[in-house]
Amino acid sequence: MKKIFLDGSQYASLQYRRVLEGQYRWVSMEIVRSTEYREDNQQVVMYIRDINDDYLKLLQIAMCHTLDSVGIVSANISQGICLSFAGRRDELECQSEESIDTYIQRVSEMIPMPESREHFCQVFSQQNMLKRFTEGTAALSMEAAFFYSEEQQPCVLRINVDMACNSFSREIEGVLHFTDVTVAYLIENVPQKIYQKDYENIIIIDAKREKMIKTDVLSSVISDYLKKEEAYEGYRSYSSHRAVVESERERFKKCVELSTIKEGLRKDKQYFFTIHETDKTGEVRLKRYSYIYIDERVDIIVGAREDITEFSEKDVLTGGYNRRGFIRITERLLNEVPDRTKYAVLFFNVKNFKAVNELFGVESGDVVLQNIFRTLTHSKLSPVITARVESDHFVCLVENKNLDFEELTSVCDNKFVKDGKCMNLIIRCGIFYVEEKPMKISGMIDRAKLAKRYITDEYVQPYMVYDHSMQVAYIDKAKLAGELQEGIAKEQFKVYYQPVIDTKTGKIASAEALIRWIHPDKGFISPALFIPALEENGHISELDFYVLKKVWQFINDRCENNKFVVPISVNLSWMDFYDEIMMEKILKEMDRFRENGREHMARFEITETSYAAIRENRSGILESLRIKNAKILLDDFGSGFSSFGMLQDYDFDILKIDMSFIRKIGENPKTKSIVHSIIGMAHEIGIKTVAEGVETEEQVSFLRQSGCDYIQGYYYSKPLPEEEFVEFLEKADAE
């Protein structure tokens, strides 16, 4: 004690244990120099205090983090120094007597993101810890991603500091604990960010280091997978790559490239694609691969694979199957039963259903469709499968023994009542008895649909059975559909371009792409023949995408060679909006088009026949295209019941007035008033107008006076093959 006080110290302390009533308790001896201290008359004051409860409390705080900590730093916060280190990570070790702020700054360099690094330094600075303790907060905590080195896995550490006032010295002391919570972080965040679905497998990608881990479950077991890190090698990284159908393998390879994934995430914060795979039974299933950042700050991506076959086969409105689902389930059933001829396919169509939407509203129309689905499902026909294959068309697979024609007639006689108004719904049905010989289910549906067309008086007999005398017309369409792939491959389909003229200037403003089929044997095939055939057989999307690629290639070639070109619109079929893959492909092509700054050249035309499909399946697709700067045109306005409903529900850039109005200008006095009103209405809601089918000077003059923005028709030009359209552009550019 003499040495202590001779050195100038004012205070000394000692902690020890003593036995009190048979129990060990911690005691503090504190020695303080007396105010009456003299060299020749040394005096001190000695205090003996029981500190057992305080000591155990501090010990418990320290021990609660010790077991799972990767690093523990004890510090004297009042003095601002680190005292000691214990742990498994040498990178977190402090130097003896190193200042807290220096230590925190050095450790922060392992945090890759500037904002997290800055926050870490602020929270655990000496000044902030003292301030927070004074305010009554004894513990601070945060989480941050750390990279110990370029070669090692990134990890998520939770940093806690527990502070207490030393009972002996009255100084603030603290213990920093670094706890590895990577596993818990993944378990907690991956399900939330990947929508909490049941996935077949999950892949976690460290994009920065091009490493990955695979797992089938997200639980504490993931800690085992973290030890099984391997290189990410694109499509070879996926055990499912061998199951991808051959025709889609090249696309799959491209989609799973790390650069493709990161680019998709950069643009939309999420990236996904669908692919068809063959399962162990040989059945083709639709799989969806989804990717999203777990933590964008450190380039950690989670990818998941799920089977969406069932989802893609469901009809949103009725909750039953759609066309795709009906085909797959029926095909499986007929392949398993011993006698397939015991079944029949029934095709139902609601006559003049558009009138329901017009009279009662679209919501009521939806109710009607739901009621019809329920009526068919629960009827005495006892269908094995019921589906809504499109709009107001339904199809059922029925056992022949249940095919009661009186019951069928009753089912086809339906009524809808609302607000005192009653409307008779006439439902017509075509029937195809399944034959022994192999046949595609789509062919059976088409034959039943064809039989429906032969109904002569639906009030007397609302059904008709297919027979082979009806086959001639069907075979022609079937052959056309069968020759589609060959026609595309051999480029028998030619894109024609019809100029659209600015009414005020008389110069070309844009063009519409139209498809023509020049068959090597049949010669010119009218679009009026092959387009409905391809829509019926579900192949129209392939042709639409073919046209899109040709048109955009034409635009790109002109732009790259500094040649004059105008925006060109491409028509989308109502079937396209039922095809998820088609919509994804269009959006991806649109992104590529945008990369060259040519998105303003992209235009899409849709007709009111797409109304139901858009509402059911793709209500956001039009807005997605507009966000990407494509123009959306409503074609054939005024030709049907849903035109005004389309204008009310969706945003369009251009309205194309149907040629049936234009051709009657000068013939019917009412027509001019109607056309003039359409143009005025369109302008009032911010939409430009195009008049289709303009052929005479009188029509042009009237449209110009009425303020129509653009004119399309033979008056200026017929649809031109590419070579002639190029000449048209060159001439327009020279003027």
Side-chain angles (χ1 to χ4, degrees), residues 480-481 483-501 508-520 522-535 539-561 563-576 579 582 585-586 588-590 592-593 596 598-607 625 630-633 635-636 654 656 659 690 692-693 710 712-714 716-733:
L480 288 176
E483 293 174 354
L484 172 67
Q485 292 289 350
E486 182 180 2
I488 290 177
K490 294 184 177 181
E491 297 198 349
Q492 297 169 5
F493 290 92
K494 303 296 182 182
V495 179
Y496 279 54
Y497 301 86
Q498 186 168 29
V500 177
I501 307 300
I508 184 170
S510 62
E512 178 183 2
L514 302 166
I515 193 67
R516 300 290 185 260
W517 191 352
I518 315 300
H519 196 281
K522 301 181 177 70
F524 177 83
I525 301 177
S526 170
L529 178 61
F530 69 79
I531 287 180
L534 296 178
E535 285 183 333
H539 294 290
I540 191 64
S541 293
E542 299 170 50
L543 184 60
D544 286 347
F545 193 66
Y546 170 85
V547 174
L548 177 71
K549 295 277 283 186
K550 284 289 186 182
V551 168
W552 286 2
Q553 184 60 52
F554 175 78
I555 292 174
N556 281 328
D557 289 345
R558 298 283 298 179
C559 289
E560 288 172 7
N561 289 290
K563 299 290 184 68
F564 174 64
V565 71
V566 294
I568 300 173
S569 61
V570 176
N571 289 277
L572 295 180
S573 165
W574 61 269
M575 283 289 290
D576 295 337
D579 190 332
M582 173 65 172
K585 287 165 69 176
I586 289 176
K588 287 185 180 299
E589 285 297 317
M590 188 68 199
R592 294 191 184 97
F593 209 49
N596 296 317
R598 293 164 191 159
E599 64 271 22
H600 62 286
M601 292 285 184
R603 297 187 172 189
F604 296 92
E605 295 194 20
I606 65 170
T607 64
L625 291 170
K631 299 291 186 185
I632 308 299
L633 288 70
D635 196 12
D636 300 335
I654 299 173
K656 300 187 75 173
M659 65 176 64
V690 177
E692 297 182 282
Y710 306 106
Q712 178 181 352
Y714 276 62
Y716 285 106
S717 176
K718 65 180 181 180
L720 303 171
E722 185 174 310
E723 298 80 7
E724 294 182 26
F725 183 58
V726 167
E727 293 178 6
F728 192 98
L729 290 174
E730 298 291 348
K731 182 179 179 182
D733 187 36

Which heavy atom of A513 sits nearest a heavy atom of V495, and at what distance?
-> CB-CG1, 3.9 Å
So, Y546 side chain and F493 main chain: donor-acceptor pair closer than 3.5 Å or not?
-> yes
Quick one: CD1 on I654 to CG on D635, what's the gap to the nearest 0.5 Å?
-> 11.0 Å
D636 side, atom CG; K656 side, atom NZ - distance, nearest 0.5 Å | 8.0 Å
Can you name the closest pair of heavy atoms from R516 and P527 and give their distance?
-> NH1-CG, 3.6 Å
Between Y496 and P719 the two heavy atoms that sit nearest each other are CD2-O, 3.6 Å
Take I501 and Y710 through the test side chain to side chain contact (heavy atoms under 4.5 Å, CB included) and record every step on the way to the result.
-> CA-CA 5 Å; I501 307 300; Y710 306 106; over 6 Å; no
Supply the atom-to-atom distance L514 CG to N571 CG, rounded to the nearest 0.5 angstrom.
-> 6.5 Å
Counting only pairs under 3.5 Å, give me each side-chain donor-acceptor contact of residues 720-731, with atom names and distances, residues two or more places apart or in other chains.
unit_1	atom_1	unit_2	atom_2	d
E730	OE2	R558	NH1	3.1
E730	OE2	R558	NH2	3.3

Shortest non-hydrogen contact from F604 to M590?
-> CE1-SD, 4.4 Å
Taking all non-hydrogen atoms of both residues into account, name the closest pair between Q498 and S717 and its distance.
-> NE2-O, 3.1 Å
With M582, which residues qualify under side-chain contact (heavy atoms from CB on, under 4.5 Å), at least two apart?
-> S541, D544, F545, D576, D579, I586
Qualifying residue, where the test is side-chain hydrogen bond (donor to acceptor under 3.5 Å, both in side chains) with S569 and the options are E512, R603, E605 | E605
F564 versus I508: any side-chain heavy-atom pair under 4.5 Å?
-> yes
Check Q712 against V500 and note the closest heavy-atom contact, atom names and distance.
-> OE1-CG2, 3.6 Å
Can you name the residues that form a side-chain contact (heavy atoms from CB on, under 4.5 Å) with N556, not counting sequence neighbours?
-> E560, F593, N596, R598
D557 side chain near K563 side chain, heavy-atom distance below 4.5 Å = no
Side chain to side chain contact (heavy atoms under 4.5 Å, CB included) between I531 and I515, intermediate numbers included | CA-CA 9 Å; I531 287 180; I515 193 67; 4.3 Å; yes
